[in-house]
Protein chains: 2
Amino acid sequence: MYRGPRRGHAWWQGRFRGCGYRLTLPRQAVLDVLSRTSKHLSAEEIYLEVRKINPGSGLSTVYRTLELLVQMGLVFKFDFGDGRARYELIRNTRDKNHHHHHLICINCNRVIDYSEFIREEEELLSKTEKELSNKYDFKIKKHIVQFYGLCGECRKELED
Amino acid sequence: MYRGPRRGHAWWQGRFRGCGYRLTLPRQAVLDVLSRTSKHLSAEEIYLEVRKINPGSGLSTVYRTLELLVQMGLVFKFDFGDGRARYELIRNTRDKNHHHHHLICINCNRVIDYSEFIREEEELLSKTEKELSNKYDFKIKKHIVQFYGLCGECRKELED
DNA sequence: ATTGAGATTGAGAATCATTATCAATAAGGA
DNA sequence: TCCTTATTGATAATGATTCTCAATCTCAAT
Ligand SMILES: [Mn+2]
Ligand SMILES: [Mn+2]
Ligand SMILES: [Zn+2]
Ligand SMILES: [Zn+2]
């Protein structure tokens, strides 16, 4: 999966330069953390990991960097309803599982990625989008589909 | 549409009594406000309207009442991504347009209800839910589908 | 190498929606 | 009426995120 930071850094370097931004150490640290995990970390969680790489980094900069990365289209920002934003690196399009949605456990906040059945889902959504755009004169830019429920472990734990 | 507060009050009275709760003036005020609008008000907005009916009501009680109503299944709580929760009375199931989803303008925060194309949407969702539940041992309780984009007015306003 | 304009940073303060606290009040059954 | 409990409003507290600002860093032009 993960093939070390070099390749990533070169890639990111280019993206940053291209936008006139600098790929600084605090920014690299955020990208490294995100690239090494498949979890959906909060800013605070990212900050804690970042400090292991670059102890000087501040929380503000982590927030600023995440905002920048989202704006650059490198990172997705999600709201899973637990009061804090969560972030996920957008991996290469070639990557299977690239495009996915989420199952969110309302008990333990676990998040499960899934990419099955997405094709039909997207198909219907884009059809719906088209019809709605038309009928309500509304230009749809993005959609959110999320399933909330109980994961296996929590179900076991909760059924007495 | 709206046939005065009497009918509603009687109905709510029953629901409250049944749960061992009291239908007090501050609570009635919240219900009245919600029943008179088709907008998706925030707690603060509801509070401002409530004070016109019952000037003594406090913001805390509005929050508490809304929480109670959501928990009783009388009100939906939504997060449209603008940093504040929004609330909507769940109207009678007989009511057309009862079950609907939302288009949210990312510029002016306008919210458009729609109930067209919901049938197919729900059909696919429930099929997906079944397959996902199965594959990931995940019991889905609810789903969120939201479209974000630009409403007609904002598009006009923004295209220079 | 030096310099200067502008980008970036970290620490801490500020914001702002929501919750928690708590003493006062209201409800309503015995 | 009396007593137990639910409910309330004012206020403080919380917690994630954003803002402020002086210090530091980059890097292209000298
Ligand atoms: Mn994911
Ligand atoms: Mn609605
Ligand atoms: Zn769980
Ligand atoms: Zn708009």
Side-chain angles (χ1 to χ4, degrees), chain A residues 9 12-33 40-72 75-87 109, chain B residues 9 12-33 40-72 75-87 109:
Chain A
H9 283 189
W12 300 328
Q13 192 78 248
R15 288 287 273 137
F16 273 75
R17 285 280 160 75
C19 298
Y21 299 129
R22 296 168 188 170
L23 184 48
T24 62
L25 214 54
R27 285 173 177 173
Q28 274 181 43
V30 170
L31 278 164
D32 279 350
V33 168
H40 306 78
L41 302 176
S42 68
E44 180 92 34
E45 289 167 339
I46 291 167
Y47 169 67
L48 291 175
E49 288 302 311
V50 156
R51 300 215 54 155
K52 296 178 187 170
I53 298 173
N54 184 44
S57 282
L59 181 56
S60 299
T61 299
V62 169
Y63 271 105
R64 279 186 294 236
T65 300
L66 289 169
E67 190 188 348
L68 187 67
L69 293 173
V70 168
Q71 186 246 305
M72 287 173 70
V75 163
F76 279 138
K77 180 180 185 177
F78 293 109
D79 175 5
F80 292 145
D82 65 340
R84 61 191 59 192
R86 307 216 159 244
Y87 301 86
N109 292 326
Chain B
H9 282 191
W12 300 329
Q13 192 79 246
R15 290 284 276 137
F16 273 76
R17 285 280 160 76
C19 298
Y21 300 128
R22 297 169 189 171
L23 185 48
T24 62
L25 214 55
R27 285 173 176 173
Q28 276 181 43
V30 170
L31 278 164
D32 279 350
V33 167
H40 307 79
L41 301 177
S42 68
E44 179 93 32
E45 289 167 340
I46 291 167
Y47 169 67
L48 292 175
E49 288 303 311
V50 156
R51 301 214 53 154
K52 297 179 187 168
I53 298 172
N54 183 44
S57 283
L59 180 56
S60 300
T61 298
V62 170
Y63 271 106
R64 278 187 295 238
T65 301
L66 289 169
E67 188 188 349
L68 187 68
L69 293 173
V70 169
Q71 185 246 306
M72 287 173 70
V75 163
F76 279 138
K77 180 180 185 177
F78 293 110
D79 175 5
F80 293 146
D82 66 341
R84 61 191 61 192
R86 307 217 160 244
Y87 301 86
N109 293 325

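These numbers come from a predicted model, not from an experiment. All heavy atoms count here, side chains included; hydrogens, waters and symmetry mates do not. Below, chains carry the letters A, B, ... as their sequence lines are ordered, and counting in each starts from 1.
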Exercise. Report the distance from atom OG1 of A:T61 to atom CG of A:L25, rounding to the nearest 0.5 Å.
Key: 11.5 Å
Quiz item: Which base sits across from C:dA23 as a Watson-Crick or G-U pair, both distances under 3.5 Å?
Solution: D:dT8
Self-check item: Quiz item: A:S60 side-chain donor-acceptor pair to D:dC19 base, under 3.5 Å
Solution: yes
Quiz item: If only side-chain N and O atoms of B:R64 are considered, is one of them under 4.0 Å from the OP1 or OP2 phosphate oxygen of D:dG9?
Solution: no
Quiz item: Does the side chain of B:N54 reach to within under 4.5 Å of the side chain of B:P26, using non-hydrogen atoms?
Solution: yes
Quiz item: Do the rings of A:F80 and A:F78 sit parallel, tilted or perpendicular, given the 30° and 60° boundaries?
Solution: parallel
Quiz prompt | Nucleotide D:dT8, atom C1' - distance to CG of B:L23 in whole Å | solution = 15 Å
Quiz item: Distance check: side-chain N/O of B:T24 vs OP1/OP2 of D:dT8, anything under 4.0 Å?
Solution: yes
Quiz item: Once you round it to whole Å, what is the distance between P of D:dT8 and CG of B:L25?
Solution: 10 Å
Quiz prompt | Straight-line distance of A:L69 CG to A:R27 CZ, nearest 0.5 Å | solution = 8.5 Å
Practice problem: Inspect the contact between B:E67 and B:R64 and indicate whether a charged nitrogen and a carboxylate oxygen are less than 4.0 angstrom apart. | Solution: no
Self-check item: Atom-to-atom span, CG of B:L68 to P of D:dT8 - whole angstrom
Solution: 9 Å
Quiz item: Between B:Y47 (OH) and D:dT8 (C1'), how many Å, whole number?
Solution: 13 Å
Practice problem: Let me know, please, whether A:G20 or B:A85 comes out on the 5' side of the other along DNA chain C by nearest nucleotide. | Solution: A:G20
Practice problem: Could you state the atom-to-atom distance from CZ of B:F16 to C1' of D:dA6 in whole Å? | Solution: 13 Å
Quiz prompt | Atom pair distance, as rounded to whole Å: CG in B:D82 and P in D:dT18 | solution = 14 Å
Quiz item: Between B:L59 and B:Y21, which is nearer to the 5' end of DNA chain D once each is assigned its nearest nucleotide?
Solution: B:Y21
Quiz prompt | Segment of DNA chain C, first to last nucleotide, that comes within the 4.0 Å heavy-atom reach of chain A | solution = C:dG6 to C:dG12
Exercise. Round to the nearest Å and state the distance from A:K77 atom NZ to D:dT18 atom C1'.
Key: 11 Å
Quiz prompt | Contacts of A:Q71 that satisfy side-chain contact (heavy atoms from CB on, under 4.5 Å) - sequence neighbours left out | solution = A:Y21, A:L68
Exercise. Taking all heavy atoms of B:W12 and all of B:L31, pick out the closest pair and write down the distance.
Key: CZ3-CB, 3.5 Å
Quiz item: B:S57 near the nucleic acid: base, sugar-phosphate alone, or nothing, with a heavy-atom cut-off under 4.0 Å?
Solution: sugar-phosphate
Quiz item: So do the side chains of B:F76 and B:H40 get within less than 4.5 Å of each other, counting heavy atoms only?
Solution: no
Quiz item: Counting only side-chain N and O atoms of B:T61, is one of them less than 4.0 Å from OP1 or OP2 of D:dG9?
Solution: yes
Quiz item: Within less than 4.0 Å of OP1 or OP2 of D:dA16, is there a side-chain N or O belonging to A:R84?
Solution: yes
Quiz prompt | Atom-pair distance (CD on A:E45; C1' on D:dT17), nearest Å | solution = 15 Å
Practice problem: Scan B:R17 against the nucleic acid and name what it touches under 4.0 Å (heavy atoms): base, sugar-phosphate only, or nothing. | Solution: sugar-phosphate
